[in-house]
Asks: 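Quick one: the structure is below, and I'll ask about it shortly.
The shown structure was predicted, so the numbers you read here are calculated from the model rather than taken from an experiment.
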Amino acid sequence: MGQGKEISVDTQRTITRLCIECGLLLLQHGAESMLVEELAVRTGKALGAEQVDCAISANAIVLTTIINGHCMTSTRKVVDRGINMHVVTEVQHVVILAEHGHLDYKGVQKKFAHIKPLRYPRWIMVLMVALSCACFCKLNKGGWDGACVTFVASGCAMYVRQVLTARHMNPLINFCFTAFSATLVAGLMLKLPLFTATSGIAMAASVLLLVPGFPLINAVADMFKGHVNTGLARWVMASLLTLATCIGIFMAITLAGLRDWI
């Protein structure tokens, strides 16, 4: 791509759309705000823009490019697509290729169109989440019996979460029902004669898949790097997800008369 004098208004419009699409892909799949802004600006500069300005909010992104003194602005709404670092990595790769001159705006457009989130099979996700929660229970002196309880309960909870997610259920309702399922299964298993001596840590470990660690990390990173509004929005959302999880746990303990956590 040449300098600004070689870029038409139509080409600038395409470049602006590609810049905001870059930021949109990153925001939708869990990237922190500073990375979104940096890559959107780098995309525009690599494709010939003289200046690129980007403003990010909790649910929208506004981007402006300036070429030959001509200003063009685009706004897009951000819809959460779930955390997926594969998309973030692919976008970074495309931007690097554009910066090194291996892609023009048409190449970038084609690459962005072919970026698809990497999805693992359901059974692998259920198995890995169940194993990780079970390992946490064992490491925290829950014993092998507690690890077995956690494995079953967290596996069932992960399956419920996947089913609700596939039906585009509200994340707060999703977390509430998933926590309810995990606590209920673990609590009922602890009532069985085989697990009467099992530590209650198994119930706590079974809901670890609902800890919103990534949103909380991004929230703190955003606030430290100057994106306070976005950071606060992410912090509030992570807190609401935690509250929904607590409500689900309380409902299961209350309705089923389960023993308290130890």
Asks: I'd like to know if the side chain of Asn170 and the backbone of Leu172 have a donor-acceptor N/O pair within less than 3.5 Å.
Replies: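 Judged by distance alone, yes, a pair lies under 3.5 Å.
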
Asks: Is it the case that the side chain of Asn140 and the backbone of Gly142 share a donor-acceptor pair, with hydrogens and angles ignored and the cut-off at 3.5 Å?
Replies: no

Asks: Between Ile83 and Leu27, is there shared hydrophobic-cluster membership here, with clusters defined by ILVMFWY side-chain heavy atoms closer than 4.5 Å?
Replies: yes

Asks: List the atom of Ala166, the atom of Arg122, and the distance in Å for their closest heavy-atom pair.
Replies: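 That would be CB-NH2, 3.4 Å.
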
Asks: What heavy-atom pair brings Val87 and Pro117 nearest, and what distance separates the two atoms?
Replies: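 Closest heavy-atom pair between Val87 and Pro117: CG2-CA, 3.6 Å.
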
Asks: Quick check for you: to the nearest 0.5 Å, what is the distance between Tyr105 atom OH and Lys110 atom NZ?
Replies: 14.5 Å

Asks: Is it possible for you to say whether Val207 and Ile173 belong to one hydrophobic cluster, with membership spreading through side-chain heavy-atom contacts below 4.5 Å?
Replies: no

Asks: Does Leu63 reach the side chain of Cys54, with side-chain heavy atoms less than 4.5 Å apart?
Replies: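 Of all side-chain heavy-atom pairs linking Cys54 with Leu63, at least one is under 4.5 Å.
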
Asks: Nearest 0.5 Å, please: how far is CZ in Arg17 from CD in Gln109?
Replies: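 Rounded to the nearest 0.5 Å, the CD-CZ separation comes out at 9.0 Å.
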
Asks: Same cluster for Trp235 and Val228 if Ile/Leu/Val/Met/Phe/Trp/Tyr side chains link at under 4.5 Å?
Replies: yes

Asks: Taking all heavy atoms of Val185 and all of Cys156, pick out the closest pair and write down the distance.
Replies: CG2-CB, 4.4 Å

Asks: Should the heavy atoms of other residues, nucleotides or ligands under 6.0 Å from NE2 of His86 be counted, would the total exceed 12?
Replies: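 Yes - once you tally the heavy atoms of other residues, nucleotides and ligands closer than 6.0 Å, there are more than 12.
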
Asks: Tell me whether Leu164 is reachable from Leu209 by hopping between hydrophobic residues (I, L, V, M, F, W, Y) whose side-chain heavy atoms are closer than 4.5 Å.
Replies: no

Asks: Does CZ belonging to Arg167 count more than 12 external heavy atoms closer than 6.0 Å?
Replies: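 Atom CZ in Arg167 is not packed in, count stays at 12 or less.
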
Asks: Are Ile201 and Lys141 packed together at the side-chain level, in the sense that at least one heavy-atom pair is separated by less than 4.5 angstrom?
Replies: no

Asks: Without swapping roles, check the side chain of Thr150 against the backbone of Ala202 for a donor-acceptor pair under 3.5 Å.
Replies: yes

Asks: Out of curiosity, Leu131 CG to Lys138 NZ, how far, rounded to the nearest 0.5 Å?
Replies: 14.5 Å

Asks: Could you tell me if the side chain of Phe112 sits less than 4.5 Å from the side chain of Ile115, heavy atoms only?
Replies: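 In contact.
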
Asks: Would you say that more than 12 heavy atoms from the other residues, nucleotides or ligands in this model lie under 6.0 Å from the OH of Tyr159, or not?
Replies: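 Atom OH in Tyr159 is not crowded, with 12 or fewer foreign heavy atoms closer than 6.0 Å.
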
Asks: Starting from the C-alpha separation in whole Å, work towards a yes-or-no answer on side-chain contact (heavy atoms from CB on, under 4.5 Å) for Ser33 and Arg234.
Replies: CA-CA 11 Å; Ser33 299; Arg234 285 177 166 174; 4.1 Å; yes

Asks: Do Ile56 and Leu35 belong to the same hydrophobic cluster, where Ile, Leu, Val, Met, Phe, Trp and Tyr are linked whenever their side-chain heavy atoms lie under 4.5 Å apart, directly or via other members?
Replies: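 Both belong to a single hydrophobic cluster.
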
Asks: Mind checking whether Glu50 and Asn68 have side chains closer than 4.5 Å, heavy atoms only?
Replies: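 Yes, at least one pair of side-chain atoms sits under 4.5 Å.
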
Asks: Is the closest side-chain heavy-atom distance between Phe177 and Met169 below 4.5 Å?
Replies: no

Asks: Is there a side-chain contact (heavy atoms from CB on, under 4.5 Å) between Ile247 and Phe180? Walk through the geometry before answering.
Replies: CA-CA 8 Å; Ile247 292 174; Phe180 178 86; over 6 Å; no

Asks: Are the side chain of Gln28 and the backbone of Val78 linked by a donor-acceptor contact shorter than 3.5 Å?
Replies: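 Judged by distance alone, no pair lies under 3.5 Å.
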
Asks: Given Lys45 and Arg42, is the side-chain contact (heavy atoms from CB on, under 4.5 Å) satisfied, shown in steps?
Replies: CA-CA 5 Å; Lys45 295 289 184 66; Arg42 285 169 58 186; 5.7 Å; no

Asks: Should Cys176 and Met251 count as side-chain neighbours, where that means a heavy-atom distance under 4.5 Å?
Replies: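 Side chain of Cys176 against side chain of Met251, heavy atoms only: contact under 4.5 Å found.
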
Asks: Answer whether the closest heavy-atom distance between the side chains of Asp222 and Met34 falls below 4.5 Å.
Replies: no

Asks: Run the side-chain contact (heavy atoms from CB on, under 4.5 Å) test on Thr65 and Gln12 for me, step by step, so that the C-alpha distance in whole Å, both residues' side-chain angles and the decisive distance to 0.1 Å come before the verdict.
Replies: CA-CA 8 Å; Thr65 60; Gln12 182 180 358; 3.3 Å; yes

Asks: Distance from Lys225 atom NZ to Asn218 atom CG, nearest 0.5 Å?
Replies: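 Going from NZ on Lys225 over to CG on Asn218, the span is 9.0 Å.
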
Asks: Just verifying a value: how many Å separate Phe175 CZ and Leu241 CG, rounded to the nearest 0.5 Å?
Replies: 4.5 Å

Asks: Restricting to non-hydrogen atoms, name the atom on Glu32 and the atom on Ala221 that form the minimum distance, rounded to 0.1 Å.
Replies: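 Closest approach of Glu32 to Ala221, heavy atoms only: OE1-CB, 4.2 Å.
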
Asks: What pair of heavy atoms forms the shortest contact from Ala182 to Ala157, and how long is it?
Replies: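 Nearest pair, atom of Ala182 first, then Ala157: CB-CB, 3.5 Å.
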
Asks: In Å and rounded to the nearest 0.5 Å, what is the CD1 to CD1 distance from Ile15 to Ile20?
Replies: 14.5 Å

Asks: Which atom pair, heavy atoms only, marks the closest approach of Met203 to Ile253?
Replies: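 Closest approach of Met203 to Ile253, heavy atoms only: CE-CG1, 4.3 Å.
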
Asks: Check this for me: Met72, atom CE, are more than 12 non-hydrogen atoms of other residues, nucleotides or ligands nearer than 6.0 Å?
Replies: yes

Asks: Decide yes or no for Ser57 and Asn229: does some side-chain heavy atom of the first lie under 4.5 Å from some side-chain heavy atom of the second?
Replies: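 Sidechains of Asn229 and Ser57: no contact.
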
